[in-house]
Number of protein chains: 2
Amino acid sequence: MARSVATKSEAPDDTIATRISRILADRIVSGTIEPGARLRQDHIAAEFGTSHVPVREAFRRLEAQGLAISEPRRGVRVASFTLEEVKEVAEMRAALEGLALRHAAPHLTAAILEAAEAATKAGDLSRDVRSWEEANRRFHRLILTPCGMPRLLAAIDDLHAASARFLFASWQTQWETRTDHDHRAILAALRQGDVDTACALLARHVRWIGQRPIDGPAGQKRKAFVVG
Amino acid sequence: MARSVATKSEAPDDTIATRISRILADRIVSGTIEPGARLRQDHIAAEFGTSHVPVREAFRRLEAQGLAISEPRRGVRVASFTLEEVKEVAEMRAALEGLALRHAAPHLTAAILEAAEAATKAGDLSRDVRSWEEANRRFHRLILTPCGMPRLLAAIDDLHAASARFLFASWQTQWETRTDHDHRAILAALRQGDVDTACALLARHVRWIGQRPIDGPAGQKRKAFVVG
DNA sequence: CCCATTCAAATTATCTATAATTTTTACAGC
DNA sequence: GCTGTAAAAATTATAGATAATTTGAATGGG
């Protein structure tokens with residue numbers, strides 16, 4: 001009743017700690033802060049014009065997300081990732097997104113599939129990695145959210161963030177087309193009500209991450225990752 | 001080199017915040033603190049003889065584990081769980097433990113399976129819920145740890161904690177025998193190298209949680225949960 | 001008698017300050 | 001010239017203090 005009619009713009013859970021956590025997460029995912037870099041509470045606190053107490057709380061969040069690693073009295077560092085870990089995240093995503101899709105399928109509407117199709121198109125049109133990643137994430141979120149399992153969706157979101165790190169770290173244009181193709185195949189299966197095929201496609205699509213260090217045309221085996 | 005030979009007892013990551021987090025998690029899981037109960041930072045700080053700063057950091061951890069819920073300026077409460085959430089956790093466990101077992105299977109040794117068998121036996125012999133839960137967890141951990149996927153194992157651990165809440169909340173002796181039977185079947189499959197069957201058994205075993213509100217003999221449909 | 005409003009107590013979120021630990025730097029010895 | 005030790009600087013972790021919000025209670029009106 002006494003709640004103000006128009007909530008100020010978009011600050012749902014407003015606390016300095018969460019705000020810092022989100023911004024730092026974005027920087028880590030986008031690669032603005034390098035893996036292994038130290039996160040010094042005082043410096044970050046100074047940058048945000050706060051004390052280090054909320055910064056430390058933000059660190060705990062990042063730690064739980066797997067984006068930072070805290071050693072007891074030695075400080076917090078940006079989590080570094082090996083190919084092993086990329087694969088691990090991919091496997092987890094495959095398992096959980098498959099589960100989510102299976103539960104979401106009965107609740108998928110034509111409108112949702114349409115929106116997912118639109119997200120795929122947006123991915124095609126995007127020229128920079130960032131907007132492509134956004135569109136890709138939108139696609140996955142659209143078809144999975146209807147499962148109505150908040151904990152599962154939160155876990156998937158964290159894994160997406162981990163995946164996005166690799167995406168930003170090494171971008172290859174070909175992924176775009178590959179992902180695009182996979183997305184359309186998934187949508188086609190869903191439209192036909194073939195949930196099993198859709199789940200299998202989604203799982204393979206996601207698992208594709210990091211599975212193939214790209215063998216360039218001239219044997220240039222660049223360390224490259226793929227993110228669906 | 002300069003590392004002391006015998007690390008003082010067992011304090012690997014020693015910080016007040018993590019210690020408080022662990023203790024609070026234990027209380028929440030065991031049901032010592034009721035779902036929905038408010039966690040007041042000052043009171044907890046006083047109890048542990050600390051300031052509330054580390055307490056707040058512990059809260060962030062609990063939040064990430066899904067054991068507590070924090071509303072911005074209104075405090076932290078113990079997360080309450082509905083049957084829906086029980087099922088959700090069960091499904092997630094089924095998916096992730098299946099994945100873990102698939103990757104662990106190639107590295108399973110006779111010794112490990114022996115130890116798992118022993119854990120099952122220990123479960124049989126335990127008279128109180130607490131020690132039974134401990135044995136059960138040991139079983140799962142033994143056969144899954146060899147997968148060597150730390151992030152996956154951490155996720156599973158958190159889900160185990162969530163499951164354990166329901167276990168402690170409503171204990172039925174019959175679960176014991178059911179779980180016991182499932183565990184042995186899984187071990188038998190693993191011994192025969194039949195990974196697919198083992199994974200399927202494990203998934204069904206885990207998914208069993210919360211799936212059947214027990215129809216008591218006299219139609220006494222007690223709200224009851226099952227935890228494997 | 002019930003409901004809304006106002007004031008007080010409690011509680012949260014943050015800041016400033018202090019103690020303890022670690023990393024860095026400088027220096028002496030080999 | 002390199003290695004190991006010791007003091008200095010930086011940084012982390014916690015405590016104590018303050019401002020702001022929320023919860024609860026008491027009071028007055030319908």
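Computed from a predicted model, the values in this text were never measured in an experiment. Sequence lines set the chain letters: A, B, ... in the order given, protein chains first and strands last, and positions in each chain run from 1.
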Heavy-atom nearest nucleotide on DNA chain D taken for B:Arg38 and for B:Pro54; more 5' hit belongs to B:Pro54
Could you state the atom-to-atom distance from CZ of A:Phe48 to C1' of C:dT14 in whole Å?
16 Å
Rounded to whole Å, please give me the gap between CD1 in B:Ile16 and P in C:dA19.
15 Å
Report the nucleotide, chosen from C:dT12, D:dT12, C:dC15, that has the shortest atom-to-atom distance to any side-chain atom of B:Arg56.
C:dT12
Is it true that A:Asp26 and A:Arg130 have a side-chain N and a carboxylate O under 4.0 angstrom from each other?
yes
Can you check the B:Asp42 CG to C:dA10 P distance for me, whole Å?
11 Å
What is the distance from CZ of B:Arg19 to P of D:dT14, rounded to the nearest Å?
10 Å
How long is the line joining CD of A:Gln41 and P of C:dT18, in whole Å?
17 Å
Can you tell me how far C1' of C:dT23 sits from NE2 of A:His43, to the nearest Å?
13 Å
A:His52 side-chain N/O to D:dT14 phosphate OP1/OP2 under 4.0 Å
no
Verify the distance criterion only: is there a donor paired with an acceptor across the side chains of A:Thr18 and A:Arg61 at less than 3.5 Å?
no
Does B:Arg60 pair with B:Glu63 as a salt bridge, N-O distance under 4.0 Å?
yes
C:dT11, OP1 or OP2 - any side-chain N/O from B:Arg74 closer than 4.0 Å?
no
Taking CD in B:Glu84 as the centre, count heavy atoms belonging to other residues, nucleotides or ligands within less than 6.0 Å. Is the count above 12?
no
Nearest nucleotide by nearest heavy atom, which residue falls closer to the 5' end of DNA chain C, B:Val76 or A:Ser51?
B:Val76
For A:Thr15 and C:dT12, is the shortest distance between a side-chain N/O and OP1 or OP2 below 4.0 Å?
no
Can you measure B:Arg40 atom CZ to C:dA10 atom P for me and round it to whole angstrom units?
11 Å
What residue among A:Arg102, A:His205, A:His140 forms side-chain hydrogen bond (donor to acceptor under 3.5 Å, both in side chains) with A:Glu97?
A:His140
Atom CD1 of B:Ile44 and atom C1' of D:dA15: how far apart are they, to the nearest Å?
17 Å
